Each structure stands twice: as structure tokens, then as C-alpha cells.
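Just below is one structure, and these are the notes that go with it.
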Amino acid sequence: MTKPASRGVQTRMGRTLIKDLRQQVGQDVKIQGWVKTIRDQKRVQFLIIRDHTGLGQATAERSDDTAALNDAIASLTRESAVTVIGKVVENPVVKTGGVEVLIRELVVEGVADRLLPLDVSGAKESNPEVRLNWRFLDLRRPENLLTFQTQTTVEHAMREYWLREGFLELHSPKLMGSASESGAELFELTYFDRPAYLAQSPQFYKQMAMAAGFDRVFEIGPAFRADPSFTPRHATEFTSVDMEMSWIESHEDVMAFEERWLQYALTRVKEQLGPRIRETFDVDVVVPDVPFPRIPMQDVLRILTARGHIPERKGDLDPAGERLLGEHVAGELGHQFVFVTDYPAEVRAFYHMRYPDAPAITKGFDLLWKGVEVTTGAQREHRYEVLVAQAKEKGLSLEPIQFYLDFFKYGCPPHGGFGFGLSRMMMVLLNQPNIREVTYIYRGPTRLYP
RNA sequence: GGGGGCGUAGUGUAGCCUGGUUCAACACGCCUGCCUGUCACGCAGGAGAUCGCGGGUUCAAAUCCCGUCGCUCCCGCCA
């Protein structure tokens with residue numbers, strides 16, 4: 001068997017991606033990838049090689065002259081990383097693209113053990129636990145590659161839209177001296193000479209940028225929540241997509257921005273990856289019409305009651321209610337998205353602005369996609385006295401958040417924004433049952449490895 | 001944190017309800033041999049599991065009971 005080569009003529013030959021083999025018929029090429037299948041017959045040996053662009057066949061005829069090569073192929077293992085050099089020939093019979101590489105040289109760059117801990121070929125899906133333990137092997141499955149290609153497209157499109165609209169991209173600290181939201185629990189750190197915490201959200205810092213006069217900002221970054229949440233849509237560490245914009249008239253401006261922003265991102269995904277997503281996940285990427293439906297919470301409750309569902313909590317939605325509302329909106333309004341507006345103050349954060357003529361109702365909203373909550377947003381309260389009063393009303397102690405309250409003492413413009421769950425979007429977009437499927441390396445209440 | 005389900009060879013499952021004649025079956029993978037080009041290659045043979053862990057009931061437990069650990073789903077929390 002040939003050893004990995006750091007010198008030699010083959011390293012000077014450029015690599016050909018498997019998807020490009022068709023254009024190289026008649027040429028000598030070097031392809032590099034993983035051995036998906038070995039079909040070793042008496043006269044001919046076939047390898048199916050997988051790289052990130054597709055599958056291709058490499059073939060070697062058995063003969064006395066090529067005994068060394070034939071032996072090397074015979075002792076190959078599935079999922080080994082290999083370099084194959086040979087001539088591309090057209091062969092209409094070959095199912096992987098009608099071309100094959102006639103192997104002249106094979107280099108095993110990285111051997112794989114004979115017994116794999118999971119089935120990379122995807123014929124059968126291993127247990128969730130096994131797949132997470134061996135995530136790097138699980139990620140070799142092409143649908144997982146497509147998931148992260150899709151996520152890259154989504155993020156890129158979001159940034160494109162923001163930049164076009166004059167936003168700045170920020171990176172706020174993830175180490176904090178106090179909580180940034182009330183509800184969720186904090187990860188506490190021991191390094192500092194006082195309690196410190198991992199950021200649950202960039203909420204305070206993106207608002208700080210409004211007080212700083214940055215006008216419009218966004219951030220895509222990690223958020224940490226020490227919640228023992230055992231659901232298919234929670235993680236203790238997740239990627240939060242956040243934006244904040246100044247000089248708005250109301251939260252309607254924020255919703256109007258978000259729906260166009262999402263429409264743009266989904267347009268891009270459909271253009272660039274729609275057919276592959278259709279083929280791989282059996283999902284049609286639907287570019288949503290704007291405006292999205294908006295339904296005040298009071299009406300939502302009426303709709304759910306009419307459908308026989310009484311939410312347990314007053315003024316808020318439970319997961320069953322969210323699913324039901326998603327079905328209602330799909331059936332009655334023909335839309336996958338719905339903004340739920342006018343949440344009662346008692347179920348919203350202290351910094352959500354309230355209606356002047358109805359102080360029990362906030363200018364806060366959630367966005368549901370196919371019945372899954374993907375966004376919470378609001379116009380923020382930017383008037384210092386009002387904000388302090390609302391914080392007190394919620395029973396918060398002011399000292400730890402005084403630095404935040406100070407943002408509003410020296411001329412802060414009216415503003416609003418939202419937080420958006422990237423993995424939740426991916427989960428809904430690709431119709432996956434679980435956030436772990438679409439998270440590169442999942443972190444949960446009991447998961448710290450790999 | 002509360003409630004339900006699951007945990008059997010490298011992988012995926014069956015057997016568990018109605019304990020014993022199966023201390024374990026099937027498929028994929030693996031090993032050996034064969035096979036004129038395969039493409040989920042095919043054919044023949046073979047190895048591989050003390051049935052998560054601990055305890056109990058019983059003459060006898062993968063099968064029943066208790067505990068424990070892990071995973072998972074529902075609820076709560078939320079992105």
C-alpha cells in the first residue's frame with residue numbers, strides 16, 4: 001500500500017472536485033475524498049469516492065502488472081481518506097455521472113478502522129446518542145453537509161440585507177457582571193473576584209449601541225442559558241441572531257423590517273439550494289409573501305378557544321397553542337409565518353414598551369414559523385423614568401442593571417429590535433425534528449462532548 | 001424541575017405483555033473463499049452480545065419487581 005506522500009509529482013497536480021470530473025474526460029486527475037463503497041470483484045475493483053461535491057467512481061482492473069495497487073484496494077476500508085490519481089473516462093453505464101477514474105495511483109491518507117461506530121452511508125440512522133458521540137462521522141453524511149451549506153447561505157443573505165440597510169455588525173461581550181434577562185438561569189463563572197456570568201443575550205449591549213448613536217446594529221453570536229430544558233428546540237448554548245434599530249415609530253417598523261429580511265434570506269436559499277433541499281429533505285423552500293399576518297394575543301386566544309384549546313397560562317402561548325395557531329394560519333391565511341402581537345405586560349420583559357393608552361399591553365411581538373417560536377421582539381422602553389418604574393414593578397433590583405439604565409439618561413432615541421434563533425430557523429426550514437440535527441456541535445444540559 | 005418511553009453483537013432491529021425446549025434471532029457491516037464491470041453487486045461459509053449497571057422475586061429472567069445511570073419525548077422556560 002502506498003504511504004501518504006508529501007513529495008512527488010502527484011502533489012503538484014491540482015485537485016479535481018468530483019462534481020467537475022465530467023469536464024476532465026481524457027485527462028489525468030487527482031481526486032480526494034472518502035471511500036464510501038468498495039466493490040472488489042475478480043476482474044475489476046470499484047471504489048465509490050465521496051467528497052464535499054458529490055460521489056464518483058474510481059476503477060481498477062486486476063492484472064499482474066497492477067498487483068500492488070489491486071492489493072491496496074482489496075485491503076482498503078470504508079471511510080478511509082484517500083487520494084486517487086488516474087485518467088477520467090466517459091462511461092455511460094456508470095451511475096455516478098457517467099464518468100469514472102481509472103486508478104493509476106492510490107494513496108491512503110487516513111485509514112479508517114474496519115468497524116465504524118455508525119453508518120455513514122445513511123442506509124440506517126443510528127441512535128441520537130451514538131450520532132452525537134461520533135458527530136464528525138455523522139456530519140460526513142451529505143444531508144448534514146447541506147444543512148451547514150444552507151446555514152451559511154442564510155447567514156450570508158441576512159448580512160447582505162443588513163449591510164444594504166445601513167446596519168453595523170457588532171460583537172458584544174459574553175462575560176457579564178449581571179443578568180441580561182430576567183427569566184432564564186445564568187451560567188456562573190469563578191474566575192473574577194466577584195460573580196460573573198455568561199451572556200444570555202446581547203440585549204443590553206445592542207441597546208447600548210442605540211444610545212451610542214450607531215443607529216442600526218446586528219450581531220450573530222453565542223448565547224448561554226443554564227436552563228434544564230429538555231425539548232427538541234432548546235440548547236444551553238445557541239447562536240442568537242440579534243438586531244436593533246433606532247428612530248422607529250413603533251414595533252411595527254421592526255416587524256416590517258424582519259419580514260422583508262426573512263423574505264430576502266429565503267429567496268436566496270431557494271435560488272441557491274432549493275433543488276438540493278427539495279431532493280435531500282423533501283422540503284419546498286417557500287418564499288413568504290409580505291406582510292406576514294399579525295394577530296393580537298387576544299384574538300389568538302379566541303382562535304385557539306374556537307379550536308378547542310385552552311392555554312394553561314394567561315396571556316401567553318404554550319407549545320400546543322403555537323402549533324395549533326400555526327395550523328390555523330396555514331389553513332385560513334395560507335401563510336407559514338405569523339406575528340403574535342400585543343402581549344400582556346405580565347409575560348414580557350421589563351424593557352418592552354407598553355401602549356400609552358393600554359399600559360397592560362406591550363409593544364412586544366413573537367414570530368412563529370410553522371408553529372415554532374423563532375423570534376421575540378419589541379419596541380424598547382427608552383424613557384428612563386418609565387423604564388425604572390417597569391423594572392421595579394417586575395421586582396428587579398436596580399443596582400446590577402444600573403449601567404444599563406444609564407443608557408437612557410443622556411438622550412436615547414426610540415428604538416426596537418428582535419432576537420432570532422438561527423438553529424430554530426434551520427430546524428423549521430429543513431423540516432428537522434430536533435435542534436441537535438441542525439446544530440454543528442450541540443450543547444445541552446448534559447452534553448459537553450465532543 | 002414534573003410526567004411518559006427506551007437501553008439487546010461494530011450499526012439498526014426482533015424477542016420482553018403470555019418467565020424455561022433460543023444464554024439469544026434477522027439485516028447491514030466485518031473475516032475467509034468464490035464471482036468477466038459493479039453500481040443497495042452477487043454466492044457460500046465464519047467470527048462477533050454474559051441482553052446499560054446493581055439488587056430482588058423464582059427451581060429458572062433479556063423477559064417480572066425495585067433502584068441507578070444514560071438517552072429520548074411531553075410539560076414548564078425560551079431563541
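By convention in this document, chain letters (A, B, ...) are assigned in the order of the sequence lines, proteins followed by strands, and residues within each chain are numbered from 1. This is a predicted model, so every value here is computed, not measured.
Of all nucleotides listed (B:G76, B:U38, B:C73), B:U38 comes nearest to the side chain of A:Q41. Of the candidate nucleotides B:U72, B:G37, B:C74, B:U72 has the atom lying nearest to any side-chain atom of A:N434. Closest to the side chain of A:E322, out of B:C78, B:C31, B:C35, is B:C78. Between B:G37, B:C77, B:C30, one nucleotide has an atom nearer to the side chain of A:V94 than all others, and that is B:G37. In this structure, of B:C77, B:C73, B:G37, it is B:C77 that holds the atom nearest to the side chain of A:D227.
Applying the 3.5 Å distance criterion, the base of B:U72 shares no donor-acceptor pair with the side chain of A:E129. Applying the 3.5 Å distance criterion, the base of B:C77 shares a donor-acceptor pair with the side chain of A:S229.
If you check every strand for non-hydrogen atoms under 4.0 Å, A:T375 touches sugar and phosphate atoms only. Here A:A235 lies in heavy-atom contact (under 4.0 Å) with a base. A:E237 comes within 4.0 angstrom of no nucleic acid atom, judged by non-hydrogen atoms across all strands. Counting non-hydrogen atoms under 4.0 angstrom, A:D40 reaches a base of the nucleic acid. When heavy atoms are screened at a 4.0 angstrom cut-off, A:V241 is found touching no nucleic acid atom at all. Within 4.0 Å of A:V44, counting heavy atoms only, lies at least one base atom of the nucleic acid. Residue-level contact check: A:R323 touches the backbone only, with heavy atoms under 4.0 Å from sugar-phosphate atoms and none from bases. If you check every strand for non-hydrogen atoms under 4.0 Å, A:T446 touches sugar and phosphate atoms only.
By the 5.5 angstrom centroid cut-off and the 30-degree plane limit, A:F238 is classified as stacked against the base of B:A79.
Taking atom P on both B:G1 and B:A61, the two are 36 Å apart, rounded to the nearest angstrom. Straight-line distance between the P atoms of B:C16 and B:U21: roughly 13 Å, to the nearest whole Å.
We find that A:E79 and A:R50 are joined by a salt bridge, their nearest charged nitrogen and carboxylate oxygen being less than 4.0 Å apart.
Residues A:T147 and A:L139 are not in side-chain contact: their nearest non-hydrogen atoms beyond the backbone lie 4.5 Å or more apart. Within the 4.5 Å cutoff, the side chain of A:D119 has heavy atoms near those of the A:R78 side chain.
Figure legend: A:R436 and A:Y442 shown as a cation-pi pair, the cationic atom lying under 6.0 angstrom from the six-membered ring centre and within 45 degrees of its axis. A:R380 forms no cation-pi arrangement with A:Y351, by the criterion of a distance under 6.0 Å to the ring centre and an angle within 45° of the ring axis.
A:R260 contributes a side-chain N or O that, together with a main-chain N or O of A:A256, makes up a donor-acceptor pair within less than 3.5 Å. Formation of a donor-acceptor pair under 3.5 Å by the A:T66 side chain with backbone atoms of A:R62 is not found in this model.
Below 30°, between 30° and 60°, or above 60°: for A:H335 and A:F292 the angle between ring planes is between 30° and 60°, a tilted geometry. Using a 30° and 60° split on the angle between ring planes, A:Y161 and A:Y264 fall in the tilted class, from 30° to 60°. Ring orientation note: the planes of A:W162 and A:F167 are tilted relative to one another, at an angle of 30° to 60°.
Regarding contacts with the backbone of B:C39, every side-chain N or O of A:Q57 stays at 4.0 angstrom or more from both OP1 and OP2. A close approach under 4.0 Å does not occur between any side-chain nitrogen or oxygen of A:R233 and OP1 or OP2 of B:C74. Between A:T59 and B:G37, a side-chain N or O to OP1/OP2 separation shorter than 4.0 Å is absent. Close to B:A40, at under 4.0 Å from its OP1 or OP2, lies no side-chain N or O of A:T37. Contact between the side-chain N/O atoms of A:K95 and the OP1/OP2 oxygens of B:C39 is not found at any separation under 4.0 Å. Contact annotation: A:R225 does not reach the phosphate of B:C77 (side-chain N/O to OP1 or OP2, under 4.0 Å). For A:R436, a side-chain nitrogen or oxygen approaches OP1 or OP2 of B:U72 to under 4.0 Å.
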Open item on the list: Just to be sure I follow the notation: if a pair is Watson-Crick (purine N1 to pyrimidine N3 plus N6-O4 or O6-N4) or a G-U wobble (N1-O2 and O6-N3), each under 3.5 Å, what dot-bracket string does RNA chain B give, with | for pairs to another strand?
Closed with: ((((((((.[[[[.)....(....]]]].(((((.......))))).....[[[[[..)....]]]]])))))))....
TODO: Give the intermediate values and the outcome of salt bridge (charged side-chain N to carboxylate O under 4.0 Å, His left out) for residues A:E125 and A:R141.
DONE: CA-CA 10 Å; A:E125 191 149 281; A:R141 302 187 305 147; 3.2 Å; yes
TODO: List the protein contact pattern of nucleotides 4-15 of chain B with one symbol per nucleotide (5' to 3'): B for base contact, S for sugar-phosphate-only contact, - for none; contact means a heavy-atom distance under 4.0 Å.
DONE: ------SBS---
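Nearest-nucleotide positions on RNA chain B for A:R78 and A:R43 put A:R78 closer to the 5' end.
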